[in-house]
Amino acid sequence: MIRESSSMDRPLDDARHQRVFYISGAVALVLLFAAVLLFPVIRRWARADVAVDASTLRFATVTRGELLRDVSVQGRVVASLHPTLFSPGQGIVSLRTRAGAEVKQGEVLATIDSKELQSALEQSRAQLLGMRAEHERQKIVARQGALRARQQVDLLMLRLEAAKRSLVRSETTFKEGLSNKADFENAQDNLRIVSLELEQAKKELDLSRETLSFDVETRAQQVRQQESVVGDLEKRVGELTVRAPFDGVVANVALQDRDAVAANQAILTVVNLSSLEVEIGLPEEYGRETAIGTSATINFNGRDYEGRVTAISPEVVDSQVVATVAFAGTQPEGLKQSQRLTTRLVFESRPNVVKVARGAFLEASGGRAAYVVDGEMATRREITTGSTSAGEIEVTSGLREGEKIVVSDISAFGSAGSVLLR
């Protein structure tokens, strides 16, 4: 039985005891200092609903200034005048130019040997000569008919005068008893007959004039109609010599020299490089706001040139609306057809508004929320937005000038009220 442990106890050195005490105190102080330093971090961790790597996010500062409602798109340079020249008739083509050649207005580009059109023109001219001769003959017939009708009227007028004189003599002799009543009545009847014949002859003269005039006019109309046919054929025969409609460049040639061509077949295309425009494809949502006359800015070789919308398509194709933008002033030199240029359309200018850079957070929150950054914490805040441009958006409430927000996609945040940015 062991009654006590005094036989095993050893006295400690005072210096060693002090070292242990100091070391323990130092460790305690370090732990206390570390706790003080880590307390805010621990508290933020406790407050945060979600933790996100800040290097994967994009931030922007809320500012105040002018907001331009615009859209920037890629456009393609096209020629406003680029007609395709067609063959007016069937024949053999002889080319006088080649693709890429510069041409002047009126210069002969191709000729077409069309026997069919030449023959049709000669036949029409012969018919026209015959119709003109028939028209002149009808004029002579009309004058002859009018002369005969007039002669008949003149003769009846003479007979009427003679009948009147005969009636006067019969009346005189009847009153004197030198003739009987039957002769007097016969003279009266003869006067009435001649009067009726004269009246009828005058009516026939008027009708004859109308009929003959109608016949002459009909022949004249036939002549004019044939002249129109001949004129059209002469124009088509003249068009067998294909000429440049303006100064430009031959863009492409659809045929080879001495090829047979059909009527209305394409021969070549001429481009006027002095009237180039920019053809752009607008997103469907901007198509409703774009109208003829909308101002635009065209960037070419690092310089901006003013322009305006001159045409806009009424239909939507592949969620885009095609529009044409023309240069407002002098066209810059060096433009090439089909060259790609950046074009910006300006719809509205709003001065002195609170705005922020546009980002994916708009689509993720529907433009109703944003995460305001304060140090390593981002707090969700309800906002309302107004007008938008290609790069910025107006904030009507919820944010103040100078605040910093997350503008990248915030769908990973869910509906968290606060997010720790690591």
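Below, all heavy atoms of this structure are taken into account, side chains as well, without hydrogens, waters or symmetry copies. Bear in mind that the values here come from a model prediction, so they are computed numbers and not experimental data.
Using modelled atom types, one side-chain atom of Asp259 and one backbone atom of Gln256 make a donor-acceptor pair closer than 3.5 Å. Put simply, the side chain of Gln265 gets close to the backbone of Ala262: a donor and an acceptor are under 3.5 Å apart. Between the side chain of Ser408 and the backbone N or O of Arg58, at least one donor-acceptor pair lies under 3.5 Å. The backbone N or O of Ala251 lies less than 3.5 Å from no partner atom in the side chain of Thr269, so there is not a single donor-acceptor pair. Although no hydrogens or angles enter the test, the distance criterion places a donor-acceptor pair under 3.5 Å between the side chain of Glu107 and the main chain of Lys104. Judged purely by atom type and a 3.5 angstrom limit, Lys355 uses its side chain to pair as donor or acceptor with the backbone of Glu66. Although no hydrogens or angles enter the test, the distance criterion places no donor-acceptor pair under 3.5 Å between the side chain of Arg219 and the main chain of His135. Checking side-chain atoms of Asp409 against main-chain N and O of Ser411 turns up a donor-acceptor pair under 3.5 Å. Within the 3.5 Å criterion, the main-chain N or O of Ala120 finds no donor-acceptor partner in the side chain of Gln123. Tyr371 contributes a side-chain N or O that, together with a main-chain N or O of Ala416, makes up a donor-acceptor pair within less than 3.5 Å.
Annotation for Arg340: atom CZ counts as buried by contact number, over 12 foreign heavy atoms lying within 6.0 Å. Sparse packing is recorded around CD of Glu102, with 12 or fewer heavy atoms of other residues, nucleotides or ligands lying under 6.0 Å away. For Glu382, the CD atom is densely surrounded, since the number of other residues' heavy atoms within 6.0 Å is greater than 12. Around the CG atom of Asn299, the shell of radius 6.0 Å holds more than 12 heavy atoms that belong to other residues, nucleotides or ligands. Heavy-atom neighbours of Arg368 CZ from other residues, nucleotides or ligands within 6.0 Å: at or below the threshold of 12.
The CE atom of Met131 lies 4.5 Å from the CD atom of Gln226; values are rounded to the nearest 0.5 Å. In this structure, CZ on Phe327 lies 13.0 Å from CZ on Arg308, to the nearest 0.5 angstrom. Separation of atoms CD (Gln152) and CD (Gln200) is listed at 11.0 Å; rounding is to 0.5 Å. From Ser87, atom OG reaches atom CG of Leu240 across 7.0 Å, with rounding to the nearest 0.5 Å. Rounding to the nearest 0.5 Å gives a distance of 10.5 Å between CZ of Arg150 and CG of Leu147. Atom CG of Leu109 sits about 12.5 Å away from atom CZ of Arg98, to the nearest 0.5 Å.
Under 3.5 Å, the side chains of Ser80 and Ser275 contain a donor-acceptor pair of N or O atoms. Using modelled atom types and a 3.5 Å distance limit, the side chains of Thr342 and Gln74 yield a donor-acceptor pair. There is no side-chain donor-acceptor pair under 3.5 Å between Ser418 and Arg380. A donor and an acceptor atom, one from each side chain of Ser397 and Thr384, are located under 3.5 Å apart.
The shortest heavy-atom contact between Leu85 and Pro245 is CD1-CD, 4.4 Å. Nearest heavy-atom pair, Ala110 versus Val93, reported as atom, atom and distance to 0.1 Å: CB-CG2, 4.1 Å. A pairwise comparison of heavy atoms in Ala296 and Val325 identifies CB-CG1, 3.8 Å as the closest pair. Listed here is the closest heavy atom pair of Val271 and Phe246: C-CE1, 3.8 Å. Annotation for Leu117 and Pro88: closest pair CD1-O, 4.1 Å, computed over non-hydrogen atoms. The minimum heavy-atom distance linking Ala357 with Ile393 is given by the pair O-CG2, 4.4 Å.
Side-chain contact between Gln90 and Val261 is absent, with no heavy-atom pair separated by less than 4.5 Å. You'll find the side chain of Ser94 stays beyond 4.5 Å of the side chain of Asp113, heavy atoms only. Counting heavy atoms from C-beta on, the side chains of Leu57 and Leu421 come closer than 4.5 Å. At least one side-chain heavy atom of Val103 sits under 4.5 Å from a side-chain heavy atom of Val270. In this structure the side chain of Val223 reaches within 4.5 angstrom of the side chain of Leu128, judged on heavy atoms. With a 4.5 Å cut-off on side-chain heavy atoms, Leu268 and Asn252 do not count as touching. Within the 4.5 Å cutoff, side-chain heavy atoms of Ile92 are placed close to those of Arg258. With a 4.5 Å cut-off on side-chain heavy atoms, Ser319 and Pro283 do not count as touching.
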**OP:** List the steps, then state whether side chain to side chain contact (heavy atoms under 4.5 Å, CB included) holds for Asn272 with Asp247.
**Re:** CA-CA 7 Å; Asn272 187 351; Asp247 296 348; 5.9 Å; no
**OP:** Could you please spell out the steps behind the side chain to side chain contact (heavy atoms under 4.5 Å, CB included) verdict for Arg96 and Thr111?
**Re:** CA-CA 8 Å; Arg96 303 288 183 84; Thr111 58; 3.7 Å; yes
Original post:
Run the salt bridge (charged side-chain N to carboxylate O under 4.0 Å, His left out) check on Glu239 and Arg236 step by step: do they pass?
Top reply: CA-CA 5 Å; Glu239 290 174 349; Arg236 293 178 62 186; over 6 Å; no
**OP:** Verify side chain to side chain contact (heavy atoms under 4.5 Å, CB included) between Thr290 and Leu345, making sure each step is shown before the conclusion.
**Re:** CA-CA 8 Å; Thr290 306; Leu345 301 185; 4.2 Å; yes
Subject >> side chain to side chain contact (heavy atoms under 4.5 Å, CB included) assessment of Val242 paired with Phe86 >> reply: CA-CA 9 Å; Val242 181; Phe86 295 86; over 6 Å; no
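Between Glu136 and Lys139, at least one side-chain nitrogen of the basic residue sits less than 4.0 Å from a carboxylate oxygen of the acidic one, meeting the salt-bridge criterion. Salt-bridge formation is detected for the pair Glu403/Arg400: a Lys NZ or Arg NE/NH1/NH2 atom is positioned less than 4.0 Å from an Asp or Glu carboxylate oxygen. With respect to Arg358 and Glu392, no salt bridge is recorded, no charged nitrogen being found less than 4.0 Å from a carboxylate O. Ion pair Glu279/Arg76 flagged as a salt bridge, since at least one NZ, NE, NH1 or NH2 atom sits closer than 4.0 Å to an Asp/Glu carboxylate oxygen. For Arg224 and Glu227, the salt-bridge test fails: no basic side-chain N is under 4.0 Å from an acidic carboxylate O. At a threshold of 4.0 Å, the pair Glu394-Arg350 counts as salt-bridged, since one of the basic side-chain nitrogens sits closer than that to a carboxylate oxygen.
Aromatic ring orientation, Phe300 versus Tyr305: tilted (interplanar angle from 30° to 60°).
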